[in-house]
Amino acid sequence: MHQALSVSAVTTYLRELLESHPLLGDLWVQGEIAEFKRHAASGHCYFSLKDEGGLVRAVMWRSNAVRLSQLPRTGDLVLAHGYLSLYAPRGELQLYTDTLLPAGVGLLYARFEALRARLEAEGLFAVERKRPLPRLPRRIGLVTAPGGAALQDMLTILARRCPLSEVLVAPCLVQGERAPASIVAALTTVYAAGVDLVILARGGGSLEDLWAFNDEAVARAVFASPVPLITGVGHETDTTMVDYVADLRAPTPSVAAELAVPEHDDLLALVWQSRMRLDQGVDALLNRTQADLANARSTIERHTPLRRLARDRQQVDDLGRRLDRAVDRTTAMCQLALQGLVARLATLSPQATLQRGYAVVRHATTGHVLGSVTGVQSGTPLQIDLRDGTLAAVTVPLAEEEESE
Amino acid sequence: MSNPSDVETYEALYGQLQAVVNRLEQGDLPLAEALMLYEQGTRLADACQKLLDHAEMRVQELRSNEVYPDLDLEA
């Protein structure tokens with residue numbers, strides 16, 4: 001006979017057993033809502049899930065219930081997530097629900113969340129794994145639907161922005177049952193073709209339309225990309241599994257194409273920048289050379305003989321001026337001396353004697369002063385200078401001389 | 001795929017252009033060499049620009065027919 005256990009020991013044991021169970025502790029249950037009640041005061045929701053074979057009681061605390069977009073009604077087919085445990089006071093099993101979704105969407109969502117958690121745990125979304133995009137991709141692999149607007153948009157953008165890059169298009173189905181395998185095949189093909197960037201893209205669509213991009217095989221194929229991969233799936237608001245795995249997630253195919261390559265004008269600007277630097281480099285060098293030349297020229301000019309000549313010329317000028325001054329001085333002195341002599345001469349001139357009543361007799365034609373009668377014949381024309389004028393005269397013979405002759 | 005792609009050609013030319021510009025900017029060059037580098041750089045810049053202005057994007061379609069031979073991808 002075993003030892004008897006208390007009731008609460010049994011319920012505690014059961015509760016611990018249930019809550020530590022790997023499956024029952026994190027569980028999705030699909031079923032029909034029965035007896036849904038929201039407690040007015042507390043805001044907690046109490047309901048049951050049932051199907052043709054059974055029923056499970058469930059509770060959803062207010063903190064989770066506030067996230068419900070609308071309260072489920074009895075008879076709705078739903079998917080509930082939570083953990084199973086025992087409500088001891090009544091000995092009832094209860095699903096402690098944190099998420100409650102309409103079954104159609106809910107199933108997809110539940111699968112998506114489960115896969116996301118698994119892949120995340122595996123490290124497929126690791127940030128450290130995200131690779132930088134090539135600055136200027138040589139060959140871009142486009143994996144997308146062949147006839148879609150997404151492909152045309154991307155080709156247009158790539159051709160406009162960076163026609164240098166080569167594009168390999170690997171067409172694939174992007175929706176429907178066969179889409180995942182087709183996407184995987186196309187990805188494998190571009191990987192093998194030797195591209196350095198991959199874009200996986202699809203235009204917008206409903207949640208179901210985009211479902212292929214939530215496929216595990218597709219996600220793993222994206223993870224396996226040997227080169228950086230950009231996703232552009234659906235619209236801004238859609239996030240698919242491949243977006244988590246990709247090196248870069250673009251909100252749309254067009255944005256993916258824009259992120260993939262640099263702008264044509266940006267590349268041109270770089271070339272122009274190089275041209276400017278070339279110009280500046282040569283200009284700087286020419287300026288420096290010119291400055292050197294100017295320096296050399298001024299050095300030469302400082303030592304030019306012309307300067308010497310100018311200096312010498314100045315000296316010559318100086319000497320000339322000194323010479324002139326000396327001559328002038330000498331001349332002036334001579335002039336003074338001359339004036340003195342003239343004055344003295346004036347006192348000695350015959351004029352003074354004439355003033356005293358004497359006369360000077362000259363031969364009128366020769367102008368010679370006659371100091372003696374000797375040699376003066378009769379009839380000689382004479383000029384007699386007196387004090388106040390000149391007289392003309394002619395010599396006549398004297399009487400005794402006539403007699404003596 | 002042995003022919004260099006446009007991008008490879010461009011990157012090679014642009015790389016040379018960068019090298020020429022850097023060399024020229026070091027400045028301690030004889031004038032003749034600087035002018036030669038300038039001409040070379042200008043030619044490289046012309047070539048880069050020509051590639052950028054006149055390149056036409058090459059688009060090639062890859063098929064994965066072995067997987068879906070019945071798939072009509074010519075839509």
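Here is how names work: the chains are called A, B, and so on, in the same order as the sequence lines, proteins then strands, and each is numbered from 1.
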- Query: Checking Ser274(A) against chain B: side chain, backbone, both or neither under 4.5 Å from a heavy atom?
  - Reply: both
- When the 4.5 angstrom heavy-atom criterion is applied to Leu158(A) and chain B, the contacting part is both
- Is any side-chain N of the basic residue among Glu166(A) and Arg138(A) closer than 4.0 Å to the acidic one's carboxylate O? no
- Item | Portion of Leu44(B) that has a non-hydrogen atom of chain A nearer than 4.5 angstrom | neither
- Task: Using side-chain hydrogen bond (donor to acceptor under 3.5 Å, both in side chains) as the criterion, list what pairs up with Gln40(B), not counting sequence neighbours.
- Result: none
- Tell me, side chain or backbone of Ile140(A) under 4.5 Å from chain B's heavy atoms, or both, or neither? neither
- Of Ser165(A), Pro137(A), Gly281(A), the largest count of non-hydrogen pairs under 4.5 angstrom with chain B goes to Ser165(A)
- Note on the structure: Under 4.5 Å to a heavy atom of chain A? For Leu17(B) that would be side chain
- Query: Are the charged groups of Arg139(A) and Asp196(A) less than 4.0 angstrom apart, N to O?
  - Reply: no
- Item | Part of Gln26(B) within contact of chain A (heavy atom distance under 4.5 Å) | neither
- Item | Residues of residues 254-261 of chain A near chain B, each having a heavy atom less than 4.5 Å away | none
- Message: Going by ring pair (Phe, Tyr, Trp, His ring centres under 6.0 Å), name the residues that satisfy it together with Tyr191(A), two or more places apart in sequence or in a different chain.
- Response: none
- Task: Answer yes or no: is there a donor N or O on one side and an acceptor on the other, between the side chain of Asn22(B) and the main chain of Gln18(B), under 3.5 Å?
- Result: yes
- Item | NZ/NE/NH1/NH2 to OD/OE distance under 4.0 Å, Glu11(B) and Arg135(A) | yes
- Query: Which atoms of Glu56(B) come close to chain A, meaning under 4.5 Å heavy atom to heavy atom: side chain ones, backbone ones, both, or neither?
  - Reply: backbone
- Query: Counting heavy-atom pairs under 4.5 Å to chain B, which of Val190(A), Leu267(A), Leu286(A) comes out on top?
  - Reply: Leu267(A)
- If you count heavy-atom pairs under 4.5 Å between each of Val21(B), Leu24(B), Leu52(B), Val59(B) and chain A, which one has the most? Leu52(B)
- So, Arg297(A) and Glu301(A), do they make that salt bridge, N to O below 4.0 Å? no
- Item | Any residue meeting side-chain hydrogen bond (donor to acceptor under 3.5 Å, both in side chains) with Gln280(A), in chain and number order, not counting sequence neighbours | none
- Item | Minimal non-hydrogen separation, Phe112(A) against Thr240(A), with atom names | CE1-C, 4.2 Å
- Do Glu122(A) and Arg220(A) pass the salt bridge (charged side-chain N to carboxylate O under 4.0 Å, His left out) test, and can you show the C-alpha distance, the side-chain angles, and the key distance before you say yes or no? CA-CA 11 Å; Glu122(A) 270 186 52; Arg220(A) 291 193 182 279; 2.6 Å; yes
- Message: I need the residue from Ala159(A), Ala145(A), Ala170(A) with the largest number of non-hydrogen atom pairs under 4.5 Å to chain B.
- Response: Ala159(A)
- Contacting moiety of Ala284(A), where chain B heavy atoms sit under 4.5 Å: neither
- Message: Tell me the closest heavy-atom pair linking Leu164(A) and Asp6(B), and the distance in Å.
- Response: O-CB, 3.4 Å
- Message: Quick test of your reading of the model: are Asp46(B) and Arg275(A) salt-bridged, counting only N-O distances below 4.0 Å?
- Response: yes
- Query: Between Tyr38(B) and chain A, which part of the residue has a heavy atom less than 4.5 Å away: side chain, backbone, both or neither?
  - Reply: both
